[in-house]
Each structure stands twice: as C-alpha cells, then as structure tokens.
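Taking it in order: structure first as structure tokens, then the write-up.
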Amino acid sequence: MVEIKSLSEVLGNLPFTASFCCFYVLQIVVYSFLTTRLPKTFGTDKQRAWILTGLNSAVSTATSIPYVVSFFAELNVPLPERGFQQWDISTSIFCGYFAAYLVADITLGVHFYPMQMGPSTGYFHHSLYTILIPIGFMFNLAGTFTLMCCTEIPTLIMAIGQINQTFRSDSLFGATYFITRICLHVMIIQQFVVGYPGDIWLWLFPASLFPLHAFWFGEWCLQQIRLRRYRSGGEGSVVEEGVAVETVVVSSKE
C-alpha cells in the first residue's frame, strides 16, 4: 500500500511553498523585463504568450534528464522502489517552480494574451496540472511527475518556433511529441500497472493525461495531412501562413 500524506503536509512543505512563491514572482518579473527590453522580439500577443512556456519547457526538460536516465536504468525494479520516486528537496523545489509557472501563465494570460489561452489547452490544462502536483506529493509520485516533464521537449521546440518562425520545425515537433507524449507515456502507464497492482486508482495519475495528449497528436496528424494536400495542389504557401501548426500544437501552450 502507498503511504498517503495529508494535503496540509504537502502545502506545509517549506521547499515546495517557498519555491512556488519565489518563482511565481520571478516569472512575472522575467516576463515584464523581456517584453519591455525586447519589444521587437516579443511584439505580438502570440510571441509574448510563449515566453513563460518556453522558459518552463527548457527548465523542465533539463530537470527531467536524470529522472529519465534512472527510469530506463531501473526498468526491472518495481516503480515504487525506484530512487527517483522519493520526495526530496530538489523534487519539491522543481514542483513548486512548475506550479508557479502554471499560475503565473494564467495570471498573465488573462491580462496580456487572453486570445492565446485556449479553454482546453490553457485554462483546463493548467488547472489540471496544478491539482495533480500536490496529489503527486500526497501519494509520493512527485518523482514520476518530474520524470514525465521530459514530455516538455516538443513544447520547447514549438515555443522557439512560435517566437521566431525561422526555427519552426513541424517534423521535429511531431517526432519528439510521438516519442515522449505517446510512446514514453504508454511505457510509464505500463510501469504503473506492474508496479502498483493493488492500487488501480493510482494508474489514473499518468493515465488521466494520455487521452488529451493522444487527441492533440491525432489532430496534429490530420492537420499535417491537410497541409500536404494543399501543398500538392500548389496552395501550400498560403495555407502554411494562414493555418500554421499552432492551430493544433497550441496543445503545447502549457
């Protein structure tokens, strides 16, 4: 059985709460600094909307690397017994940072780029993750959450492309999305099934997010098919400018 911590224990964890408060303020400051000092680089709502998302995806990807290495190095070890699952200071600080990003992005989005915050890809997604983070701590799954942040790799690729179209790569985005948010996600769910055979409800922690990611990927694939049909008909340039991958890949606006 999994040892369940109380919500008060989670919210009373000093590294977590201090990290949340500090990084919330810091991200507001960073956003204000970049939009003020680099008005040409972040001249549109779309570009400004990807500032925090781009920074978060870079930090999350880098933080998840040792967890990913540990995950694959210990595939034969039951998931609950793996070292990265332990609730430690570094995990607390990172999860506090991630939660701060979610709240800061909603705060700034409401005021500065409301049209870029979709109901499902913005408000719902951010709210869901904000709830899952403390739940992860309660059930000692914060390590798994940090591990799954490697799925921010496609978000980083898309953020760079949205801020500067020169660096946009639809194929690279699609490849990394399929590898991380589909293949790796399925593997993690399988590890939960094997590692927590008596706690079926725990499977919901990774499984609850998969339908959303699978839906977004399916929509992206359909969009790529439509773009290729238009290009083959000689209308590619017009469609590519008017119906950019952002229509679907805004799933990465997280």
Side-chain angles (χ1 to χ4, degrees), residues 7-68 84 87-118 121-137 142-164 167 250 252-254:
L7 183 60
S8 60
E9 286 183 87
V10 175
L11 299 180
N13 179 263
L14 183 59
F16 176 76
T17 53
S19 174
F20 174 85
C21 294
C22 291
F23 282 115
Y24 176 80
V25 174
L26 179 61
Q27 290 182 84
I28 300 294
V29 171
V30 168
Y31 175 86
S32 301
F33 176 81
L34 291 177
T35 53
T36 302
R37 296 293 183 176
L38 302 172
K40 292 183 179 180
T41 303
F42 303 104
T44 66
D45 287 353
K46 185 188 303 179
Q47 291 171 320
R48 289 190 288 269
W50 286 87
I51 292 176
L52 293 191
T53 299
L55 292 173
N56 175 70
S57 58
V59 172
S60 298
T61 299
T63 304
S64 70
I65 291 176
Y67 291 80
V68 174
F84 68 78
W87 181 3
D88 55 26
I89 293 179
S90 60
T91 305
S92 298
I93 292 175
F94 171 72
C95 288
Y97 158 77
F98 199 102
Y101 152 69
L102 297 169
V103 178
D105 197 34
I106 290 178
T107 302
L108 293 171
V110 169
H111 293 90
F112 298 108
Y113 41 88
M115 298 303 294
Q116 304 300 317
M117 295 291 291
T121 59
Y123 299 113
F124 173 76
H125 178 276
H126 284 21
S127 299
L128 177 61
Y129 268 73
T130 302
I131 294 172
L132 285 177
I133 289 174
I135 290 178
F137 272 115
T144 296
F145 176 82
T146 308
L147 161 70
M148 294 185 69
C149 281
C150 68
T151 61
E152 292 297 309
I153 295 175
T155 307
L156 176 59
I157 294 170
M158 179 52 56
I160 294 173
Q162 291 295 338
I163 293 173
N164 189 330
F167 301 107
V250 31
S252 291
K253 176 68 191 74
E254 306 172 342

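Source: prediction; values computed, not measured.
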Quiz item: Between the side chains of T53 and N56, does any donor sit under 3.5 Å from an acceptor?
Solution: no
Quiz item: Roughly how far apart are F23 CZ and F94 CZ, rounded to 0.5 Å?
Solution: 10.0 Å
Quiz prompt | Distance-minimising heavy-atom pair for F137 and S92 | solution = CZ-CA, 3.6 Å
Quiz item: Side chain of S19, backbone of I93: donor and acceptor closer than 3.5 Å?
Solution: yes
Quiz item: Any donor and acceptor pair, going by atom type alone, linking the side chain of T17 with main-chain N or O of L14 inside 3.5 Å?
Solution: yes
Practice problem: Taking all non-hydrogen atoms of both residues into account, name the closest pair between F16 and V10 and its distance. | Solution: CD2-O, 3.8 Å
Quiz item: Do you know the tightest heavy-atom contact between F42 and R48?
Solution: O-NH1, 3.1 Å
Quiz prompt | side chain to side chain contact (heavy atoms under 4.5 Å, CB included) assessment of D45 paired with F112 | solution = CA-CA 7 Å; D45 287 353; F112 298 108; over 6 Å; no
Self-check item: Working for side chain to side chain contact (heavy atoms under 4.5 Å, CB included), residues T91 and Y67
Solution: CA-CA 10 Å; T91 305; Y67 291 80; 2.9 Å; yes
Quiz item: Taking atom CG of L132 and atom CZ of F145, what is their separation to the nearest 0.5 Å?
Solution: 8.0 Å
Quiz item: Excluding sequence neighbours, so at least two apart, what forms side chain to side chain donor-acceptor pair (under 3.5 Å) with T41?
Solution: none
Quiz item: Going from OG on S60 to CG on L156, what distance comes out if it is rounded to the nearest 0.5 angstrom?
Solution: 9.5 Å
Exercise. Would you tell me whether T63 and Y97 have side-chain atoms, one donor and one acceptor, within less than 3.5 Å of each other?
Key: no
Quiz item: Between S57 and G54, is there a donor-acceptor pair closer than 3.5 Å when you use the side chain of the first and the backbone of the second?
Solution: yes
Quiz item: Taking all atoms of both residues into account, what is the closest heavy-atom pair of S127 and I106, and its distance?
Solution: OG-CD1, 4.4 Å
Quiz item: Which atom pair, heavy atoms only, marks the closest approach of A104 to Q27?
Solution: CB-CB, 4.3 Å
Quiz item: Which of these passes side-chain contact (heavy atoms from CB on, under 4.5 Å) with Q162: Q47, Q116, K46?
Solution: K46
Quiz prompt | Donor-acceptor pair between Y31 and D105 side chains, under 3.5 angstrom | solution = no
Self-check item: Check: T61 side chain, A58 main-chain N or O, donor-acceptor pair, under 3.5 Å
Solution: no
Quiz item: Distance from L34 atom CG to L52 atom CG, nearest 0.5 Å?
Solution: 9.0 Å
Exercise. For residues Y129 and L102, report the shortest heavy-atom separation together with the two atoms involved.
Key: CB-CD1, 3.5 Å
Quiz item: Are any of the side-chain heavy atoms of N13 and E9 separated by less than 4.5 Å?
Solution: no
Quiz item: In Å and rounded to the nearest 0.5 Å, what is the OG1 to CD1 distance from T146 to I65?
Solution: 13.0 Å
